[in-house]
Protein chains: 2
Amino acid sequence: MSTDDVFESRSADAALAASRALMGVVARSVSGALEVVTLPQFRVLVVLDGAGPLRMGVLGEAIGVLPSTLSRAIDRIVAAGWVRRTTKPANRREVLIELTMAGQNLVTNALEQRRDNIAQIMSDLSADQKSAIVAAFELFADAAGETPAEDLLVLGV
Amino acid sequence: MSTDDVFESRSADAALAASRALMGVVARSVSGALEVVTLPQFRVLVVLDGAGPLRMGVLGEAIGVLPSTLSRAIDRIVAAGWVRRTTKPANRREVLIELTMAGQNLVTNALEQRRDNIAQIMSDLSADQKSAIVAAFELFADAAGETPAEDLLVLGV
DNA sequence: CGCAACAGTTGTGTTTTAGCAACTGTTGTA
DNA sequence: TACAACAGTTGCTAAAACACAACTGTTGCG
């Protein structure tokens with residue numbers, strides 16, 4: 001095994017440990033929402049939060065679900081009050097789905113909880129350590145490039 | 001807003017961006033497995049991979065599921081060939097669940113794919129950058145402490 | 001206008017997960 | 001040995017998600 005391989009291995013280990021920690025952050029932030037919606041339902045809300053109101057067709061393609069499945073899923077999410085069905089007079093055969101206040105809050109709260117949790121984790125570190133971590137995180141995120149939303153949707157985030 | 005708050009905010013942003021990237025890594029590593037097992041089923045395999053063979057009761061408690069639900073879930077996972085039911089002569093009322101080769105491979109492959117993906121992301125960085133990231137990741141993971149397995153299970157990882 | 005294409009919904013059936021209660025077999029113990 | 005506690009399975013029921021096909025209403029175009 002070359003020195004490079006050893007280094008690669010240690011990099012991956014460190015990244016995996018960090019990912020474990022960050023996944024924990026995400027998981028905790030989502031667990032509250034998962035007491036009132038299912039994971040597939042939460043996916044819908046996350047997509048809408050990111051993209052704004054979407055047509056059924058677009059939404060269905062975004063989360064990789066057949067129209068019939070989506071239609072009935074939306075039935076349930078509407079009934080629960082997280083989203084609203086809208087029709088624009090211009091195109092009465094298209095149906096627009098948008099978050100209600102409650103739905104918006106559900107997603108926003110999860111994100112805020114994530115930020116709080118991260119701040120809390122780093123609260124005991126020195127300023128130098130914090131800035132080193134921030135720089136490293138920015139560098140890594142940059143190197144990783146854009147993460148396709150559909151990749152993340154597998155985990156409902 | 002104080003300078004500290006601004007800094008906290010930037011820390012959280014950087015961490016969130018990094019978490020997005022790392023979540024993408026995890027999600028991609030899992031997506032292959034999710035073509036042959038469901039997420040709850042994969043959770044079972046991950047727990048068994050981490051803890052070794054477990055009794056039904058312990059396993060059920062680990063993933064937060066009632067005995068009846070687990071029993072039937074195991075029926076399906078056994079039928080699919082990912083795990084095996086075992087009985088020790090010493091205690092014939094206890095049932096031990098253990099991964100088969102196929103089940104072990106499924107989990108192991110996901111982990112390996114994760115490491116490969118991370119290595120690939122970092123492959124274009126300089127040695128200095130890599131070591132900075134490794135140090136920062138180690139520091140952050142350390143500050144976060146142990147992430148309870150049950151936290152991670154929400155996401156199936 | 002008339003008709004094809006489009007956007008969603010509804011009918012029907014299957015699979016998975018989940019919860020409660022009743023049950024079978026096993027173990028430990030009085 | 002008899003009986004209670006334990007470990008897991010099975011009966012029953014319900015909610016979600018998914019898939020395929022048939023259907024309704026809307027739009028665009030020849």
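So that the names make sense, note that chain A is the first sequence line, chain B the second, and so on, each numbered from 1.
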TODO: Go through the steps to decide whether A:L16 and B:R115 satisfy the test side chain to side chain contact (heavy atoms under 4.5 Å, CB included), and finish with yes or no.
DONE: CA-CA 8 Å; A:L16 284 174; B:R115 298 172 62 93; 3.4 Å; yes

Cut-off 3.5 Å, no hydrogens considered: what does the side-chain donor-acceptor table look like for residues 63-71 of chain A, sequence neighbours left out?
none

Open item on the list: Distance under 4.0 Å to a non-hydrogen atom of chain A counts as contact; along DNA chain C, which nucleotides mark the start and end?
Closed with: C:dA5 to C:dT12

I'd like a list of close polar pairs between nucleotides 26-30 of chain D and the protein, N/O only, cut-off under 3.5 Å.
residue: D:dT26; atom: OP1; partner: A:R92; partner atom: NH2; Å: 2.6
residue: D:dT26; atom: O2; partner: A:R93; partner atom: NH1; Å: 3.0
residue: D:dT27; atom: OP1; partner: A:R92; partner atom: N; Å: 2.5

TODO: Rounded to the nearest angstrom, tell me the gap between atom CZ in A:F42 and atom P in D:dA17.
DONE: 14 Å

List the atom pairs, donor and acceptor, that lie under 3.5 Å between side-chain atoms in residues 47-57 of chain A and the rest of the protein, sequence neighbours left out.
residue: A:D49; atom: OD1; partner: A:Q104; partner atom: NE2; Å: 2.8

Task: Verdict with supporting geometry, A:L45 and A:I77, side chain to side chain contact (heavy atoms under 4.5 Å, CB included) - done: CA-CA 9 Å; A:L45 305 186; A:I77 308 178; 4.0 Å; yes

Open item on the list: At less than 4.0 Å, is any side-chain N or O atom of A:T69 found next to OP1 or OP2 of D:dC18? Yes or no.
Closed with: no

- [ ] Group every Ile, Leu, Val, Met, Phe, Trp and Tyr by side-chain heavy-atom contacts under 4.5 Å, then state whether B:V107 and B:L96 land in the same group.
- [x] no

TODO: Assign B:R72 to base, sugar-phosphate, or nothing according to its heavy-atom contacts below 4.0 angstrom with the strands shown.
DONE: base

Task: Evaluation steps, side chain to side chain contact (heavy atoms under 4.5 Å, CB included), between B:I121 and A:F140 - done: CA-CA 8 Å; B:I121 287 173; A:F140 182 83; 3.8 Å; yes

Task: DNA chain D: 5'-proximal contact among B:L70 and A:S68 (nearest heavy atom) - done: B:L70

Cut-off 3.5 Å, no hydrogens considered: what does the side-chain donor-acceptor table look like for residues 24-33 of chain A, sequence neighbours left out?
residue: A:R28; atom: NE; partner: A:N117; partner atom: OD1; Å: 3.1
residue: A:R28; atom: NH1; partner: B:D151; partner atom: OD2; Å: 2.6
residue: A:R28; atom: NH2; partner: A:N117; partner atom: OD1; Å: 3.2
residue: A:S29; atom: OG; partner: A:V26; partner atom: O; Å: 2.6
residue: A:S29; atom: OG; partner: A:R114; partner atom: NE; Å: 2.9
residue: A:S29; atom: OG; partner: A:R114; partner atom: NH2; Å: 3.4
residue: A:S31; atom: OG; partner: A:R28; partner atom: O; Å: 3.0

Open item on the list: Enumerate the salt bridge (Lys or Arg N to Asp or Glu O under 4.0 Å) contacts for residues 74-87 of chain A, please, sequence neighbours excluded, ordered by first and then second residue.
Closed with: A:D75-A:R85, A:R84-A:E98

